[in-house]
Amino acid sequence: MLDVLPHADAKRTPMEAPAHHRRRLVLFLLFTVSPLLLAQEQLDYPSANLSTRWVNNPSQIQHNGSFDDGSQVRSILLRRNPRFYGPTYACGFYCNAACDAFLFAIFAVYANSGGIITNPTTAPPQVVWSANRAAPVGANATLHLTDLGDLVLAHANGTVVWSTGTASKSVAGMNISQSGNLVLFDQSGAPVWQSFEHPTDTLVLGQTLQEGQNLDANVSITNWSKGPVHLTVLSDGLYAFTASSPPQNYYQYTLNGNKSAKTPSYVKYTNGSLDLFTLFATPGTPDIRISLPPASSSVQFMRFESDGHLRIFEWNQGWQVTADVLGLDVCAYPMVCGQYGICFNGQCSCPAGGSASSSYFKPVDGRRISLGCSLVTPLSCQSLQDHRLLTVDDVSYFTFRYSGAAAFENIDEASCKQACLKNCSCKAALFQYGGNVSNGYCFLPTQLFSLQNNQPSLTHFNSSAYIKVEAASTASNNSIVPSSPSENKGSSRVGLIIGIIVGIVAFVLGGLRLMYVRRRRRTTEVEEDDFPIVPGIPTRFSFHHLKEATNNFSKKLGQGGFGSVFEGSIGDQKVAVKRLDGVGQGKREFLAEVETIGSIHHINLVKLIGFCADKSNRLLVYEYMSNGSLDKWIFSKDQNHTLDWQTICKIITDIGKGLSYIHEECRQRIAHLDIKPQNILLDDKFNAKVSDFGLAKLIDRDQEQIMTRMRGTRGYLAPEWLTSVITEKVDVYSFGVVVVEIVCGRKNLDYSQPEESIHLISLLQETIKMNKLEEIFSHDIDMKLHLEDAIKMIKLAVWCLQVDSSKRPSMSTVVKVLQGAATIETDLDYDIVTTAHLMRKQRDNYLLDASSTPSASLLSGPR
Ligand SMILES: *[C@@H]1O[C@H](CO)[C@@H](O)[C@H](O)[C@H]1NC(C)=O
Ligand SMILES: *[C@@H]1O[C@H](CO)[C@@H](O)[C@H](O)[C@H]1NC(C)=O
Ligand SMILES: *[C@@H]1O[C@H](CO)[C@@H](O)[C@H](O)[C@H]1NC(C)=O
Ligand SMILES: *[C@@H]1O[C@H](CO)[C@@H](O)[C@H](O)[C@H]1NC(C)=O
Ligand SMILES: *[C@@H]1O[C@H](CO)[C@@H](O)[C@H](O)[C@H]1NC(C)=O
Ligand SMILES: *[C@@H]1O[C@H](CO)[C@@H](O)[C@H](O)[C@H]1NC(C)=O
Ligand SMILES: *[C@@H]1O[C@H](CO)[C@@H](O)[C@H](O)[C@H]1NC(C)=O
Ligand SMILES: *[C@@H]1O[C@H](CO)[C@@H](O)[C@H](O)[C@H]1NC(C)=O
Ligand SMILES: *[C@@H]1O[C@H](CO)[C@@H](O)[C@H](O)[C@H]1NC(C)=O
Ligand SMILES: *[C@@H]1O[C@H](CO)[C@@H](O)[C@H](O)[C@H]1NC(C)=O
Ligand SMILES: *[C@@H]1O[C@H](CO)[C@@H](O)[C@H](O)[C@H]1NC(C)=O
């Protein structure tokens, strides 16, 4: 404690007046003698009395600060950090850039022990609330806490811009709290008006967002009006929408259940989580908890930004992003590539049809493709007959996940297109289908935001966009669909191919820049020195070393949402090097993975040989697994890729042993949370090893359960994810799904199947009830020889799939059963299909699975 003041002195800036300096020297001496005396010295100014007027003029406001990024603050209230110096909240006038427009705002700034706003280079003010975002004021504007208790902001000429409307509500004074709440209170100290009840684009710790309230992102750093997206709480959960008319939904986190309380829904931002209380919640207990990094002892806030991300900021020698809360795939944000843009692995391009010379689109800004594209010939409602649909195959659209009112189900492609051509406000027909092209989804947006690449082989659905363009009457073009209804569905792939070529070119020209900017932005997150040195981690490699080891990343083994996997060799050992993309939630996954598997070693867990954390580069080096991932073997129709029954049993036992080890034998219990065939790797002798701890969660030994945001992969998620009471038993459930998949030789969710058999677990439940179990076994396995064993295996799986997680066996029990040392529970509940029933809009959720899995699924392993 004693070094507090000298420390602050070292950070002194020219901004501090000599008088303060003297006072602080004296203080320093006093402090050294008796810390108690310090408490009496009032260096901050957290409250104000009635009849106080402030003029927005540096000569009239004593506390001011100018920052290297061009912003300035003139502070009227400030409450010092309880540690005497550090980040803290203040309110007053704020401006940036040209500084000719000001907000009356609450901002986080850095104040030293004398209550002086400082650190102009590393601590630009962070606005967390503002009164007049749509109507900034100029120099000499006034803020007046009137004798009647109204707080009034007015232009210099006296025109009122904003007020709290609290005259005659017995306001006695004004006060800013430690957590950044500006309060007008009455004689008894009770709040009459508080900024917490009027959120803008940010929540600070302790603040709530009530049902019907919005966080509205701003337009840009200098235009603070309500921008392109908003986040809101509705009665059943948290939603994010575009600001188009009608709004398009790109994120929702909801729960279905029985109404148990009449209280309005809300979310509360607390230290460590974002708690969602919906109409289904038991009062006092959140029904969804999104876990967040805990706040250090200083200031943390979450800001909803104009790119549609909800980010957590925290002070750590500077303002840093510590989490991206919505956590969608990078291409799933509506703004990622602007209007009409196409996002492919984070890179943007414009739709192209036919030949490039007759292209209908041009980038809004040739140097920044991510700003989107515009039509060369704008659409006009006067010339409906000239409207055509430009085909772009293999792209999907974010809002399909949560198709709102403007979406149609059970419609065929031609009708979908016609519906768009007939309606002038429709800008595109978006069509998506699973197995049956005459039974799909159709969405007709009035504004087309970013499209994203869709790979049917991964997502198991087809998705195309037919974008409305206006044809010059002479233009004729292959990939243009004329408006005639008789046109058959010869959707050409040319559009996509050109799209990809343009994408690559755009990447080289503009994308590099974008990536550079992104990398730069993330670099601040991963400082070399804040990397924990975990005991047991063998080697930390330099980026240069791994570049050489992989021959400049030339042989790619696989690709996933968090990065790509390359073959390499270190010394004479063959290795798999996973290079994480600098986007999305990279850092958290990276730390989790390094910490988790760096310190554990087991024959059935993929071994982490080393890692690299050079600047923004993050790589993981694993042992090489020559037979790739399990999905390749069990879902393959290729005869050379089938496994015999003995191998199947060995693989299942190996997975069981790996899981049993992390659940029960490690110093810290670990839940993997993403068990699926893609994350099981096979070595040359078909030893199975569990890989990819990117989503893993540590559980303290004395902790009963863990709270975490939903993660993992749909199709493998245990039902208790919906109640957020998560234990390692979710892995037992996923293991059960994997066993069923292995024995049946197909995926749990398979959209190439007829509607009624898409969901394997439902099918299993039915066949068990009808006593026809043998019908769903894989034909590859010689079931005559192994029928009894296979039935036993399915029973074990059903035990693991029990809806009540406490009825599921532990993984060590599973291993014992597999080794013949224990028997299967006989009192099993065969009603195992619940997740689907609990899930709201069942089918949409399956689609959500399909469209979001590429990010979470194909991770580490060589394949
Ligand atoms: C407000 O008024 C009280 C008493 O009337 C006084 O003690 C206090 O210093 C005043 N506060 C400010 C910030 O002027
Ligand atoms: C702060 O205000 C004083 C006058 O009160 C002025 O001399 C000084 O330049 C101002 N500082 C900044 C950074 O605007
Ligand atoms: C603000 O007021 C001061 C005097 O009170 C005056 O000198 C200055 O010109 C005014 N500034 C503007 C922009 O009106
Ligand atoms: C007062 O000033 C503001 C901003 O400069 C301006 O928009 C408004 O029209 C002015 N009002 C009057 C009555 O002059
Ligand atoms: C001012 O704020 C503090 C801290 O938030 C609070 O405890 C106090 O009651 C407030 N003062 C009054 C007079 O309401
Ligand atoms: C800010 O953005 C809004 C909405 O896009 C726009 O209407 C307004 O003109 C912009 N204001 C300025 C000052 O550019
Ligand atoms: C809702 O209540 C009904 C009747 O009490 C019950 O059968 C049903 O399982 C409940 N649903 C949920 C999701 O709790
Ligand atoms: C948040 O919680 C962590 C522990 O989980 C604690 O160390 C930290 O001080 C807390 N931060 C705040 C601002 O309360
Ligand atoms: C506007 O939003 C941007 C990010 O979207 C943020 O950096 C900036 O601080 C915001 N400005 C204000 C005044 O809230
Ligand atoms: C055209 O589409 C818009 C937006 O989807 C819808 O509101 C409107 O009712 C449609 N008009 C007709 C004639 O169908
Ligand atoms: C495809 O869907 C249509 C319309 O729902 C239905 O009539 C047809 O039988 C389906 N075809 C197949 C092969 O399922």
Side-chain angles (χ1 to χ4, degrees), residues 42 44-67 71-80 88-109 111 115-117 125-186 191-202 204 218 222 224-225:
Q42 187 72 28
D44 56 0
Y45 38 101
S47 62
N49 287 336
L50 296 187
S51 310
T52 311
R53 183 194 291 269
W54 298 268
V55 179
N56 179 24
N57 187 313
S59 68
Q60 302 207 24
I61 295 181
Q62 182 195 353
H63 302 280
N64 54 22
S66 296
F67 300 84
S71 58
Q72 289 181 26
V73 293
R74 292 163 193 168
S75 165
I76 63 170
L77 300 183
L78 178 145
R79 188 182 289 272
R80 219 172 24 164
T88 195
Y89 289 110
C91 75
F93 293 99
Y94 164 90
C95 66
N96 67 13
C99 265
D100 50 4
F102 293 82
L103 290 172
F104 170 55
I106 300 174
F107 32 78
V109 284
I116 307 286
I117 296 171
Q126 302 294 312
V127 173
V128 297
W129 175 85
S130 64
N132 56 320
R133 59 190 294 182
V137 294
N140 291 341
T142 57
L143 183 75
H144 189 187
L145 180 56
T146 66
D147 49 358
L148 294 176
D150 203 3
L151 185 64
V152 182
L153 178 68
H155 285 300
N157 62 15
T159 311
V160 172
V161 174
W162 170 87
S163 88
T164 52
T166 46
S168 76
K169 287 196 178 160
S170 352
V171 169
M174 180 166 89
N175 178 330
I176 190 166
S177 78
Q178 198 69 65
S179 49
N181 190 11
L182 180 66
V183 181
L184 300 185
F185 50 82
D186 64 15
V192 175
W193 179 96
Q194 44 187 326
S195 62
F196 265 28
E197 290 175 355
H198 307 270
T200 52
D201 65 350
T202 303
V204 301
N218 60 26
T222 49
W224 307 309
S225 303

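Taking CG of Asn175 as the reference point, atom CG of Leu77 lies at 8.0 Å (rounded to 0.5 Å). A distance of 12.5 Å separates CG of Asp147 from CG of Asn49, quoted to the nearest 0.5 Å. Expressed to the nearest 0.5 Å, how far CG of Asn140 lies from NE2 of His155 amounts to 13.0 Å. Summarising the geometry, atom CG belonging to Leu182 is positioned 5.5 Å from atom CE belonging to Met174; distances are rounded to the nearest 0.5 Å. Interatomic distance, Thr142 OG1 to Leu153 CG, rounded to the nearest 0.5 Å: 7.0 Å. A distance of 13.0 Å separates CD of Gln72 from CZ of Phe93, quoted to the nearest 0.5 Å.
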Which is it for Leu184 and Leu145 under the side chain to side chain contact (heavy atoms under 4.5 Å, CB included) test, yes or no, and what are the steps along the way?
-> CA-CA 10 Å; Leu184 300 185; Leu145 180 56; 4.2 Å; yes
Show your working on side chain to side chain contact (heavy atoms under 4.5 Å, CB included) between Val137 and Phe104 and close with a plain yes or no.
-> CA-CA 8 Å; Val137 294; Phe104 170 55; over 6 Å; no
Ile76 and Cys91: side chain to side chain contact (heavy atoms under 4.5 Å, CB included), yes or no, with the steps?
-> CA-CA 6 Å; Ile76 63 170; Cys91 75; 3.9 Å; yes
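The closest side-chain heavy-atom distance from Leu78 to Ile176 is not below 4.5 Å. Side-chain contact between Ser195 and Asn181 is present, with heavy atoms from C-beta onward closer than 4.5 Å. Side-chain contact between Tyr94 and Val109 is absent, with no heavy atoms from C-beta onward closer than 4.5 Å. With a 4.5 Å cut-off on side-chain heavy atoms, Tyr45 and Ser75 count as touching. Using a 4.5 Å heavy-atom cutoff, the side chains of Phe196 and Ser179 are in contact. The shortest side-chain heavy-atom distance between Asp201 and Val127 does not fall under the 4.5 Å cut-off. In this structure, the side chains of Val204 and Tyr89 come closer than 4.5 Å at one or more pairs of heavy atoms.
A donor-acceptor contact shorter than 3.5 Å links the side chain of Asn132 to the backbone of Phe102. Judged by distance alone, the side chain of Asp44 and the main-chain N or O of Arg80 form a donor-acceptor pair under 3.5 Å. Formation of a donor-acceptor pair under 3.5 Å by the Trp54 side chain with backbone atoms of Ile61 is not found in this model.
Of all heavy-atom pairs spanning Pro136 and Ala101, the tightest one is CB-CB, 3.6 Å. Across all non-hydrogen atoms, the minimal contact from Asn64 to Pro58 is ND2-O, 4.2 Å. Of all heavy-atom pairs between Ser71 and Pro125, the closest is OG-CD, 3.3 Å.
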Show me the donor-acceptor pairs, under 3.5 Å and distance only, between side chains in residues 160-167 and residues at least two apart or in other chains.
residue	atom	partner	partner atom	Å
Ser163	OG	Gly165	N	3.2
Thr164	OG1	Asp150	OD1	3.2
Thr164	OG1	Leu151	N	3.1
Thr164	OG1	Thr166	OG1	2.8
Thr166	OG1	Gly149	O	2.7

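Under 3.5 Å, the side chains of Asn57 and Arg74 contain no donor-acceptor pair of N or O atoms.
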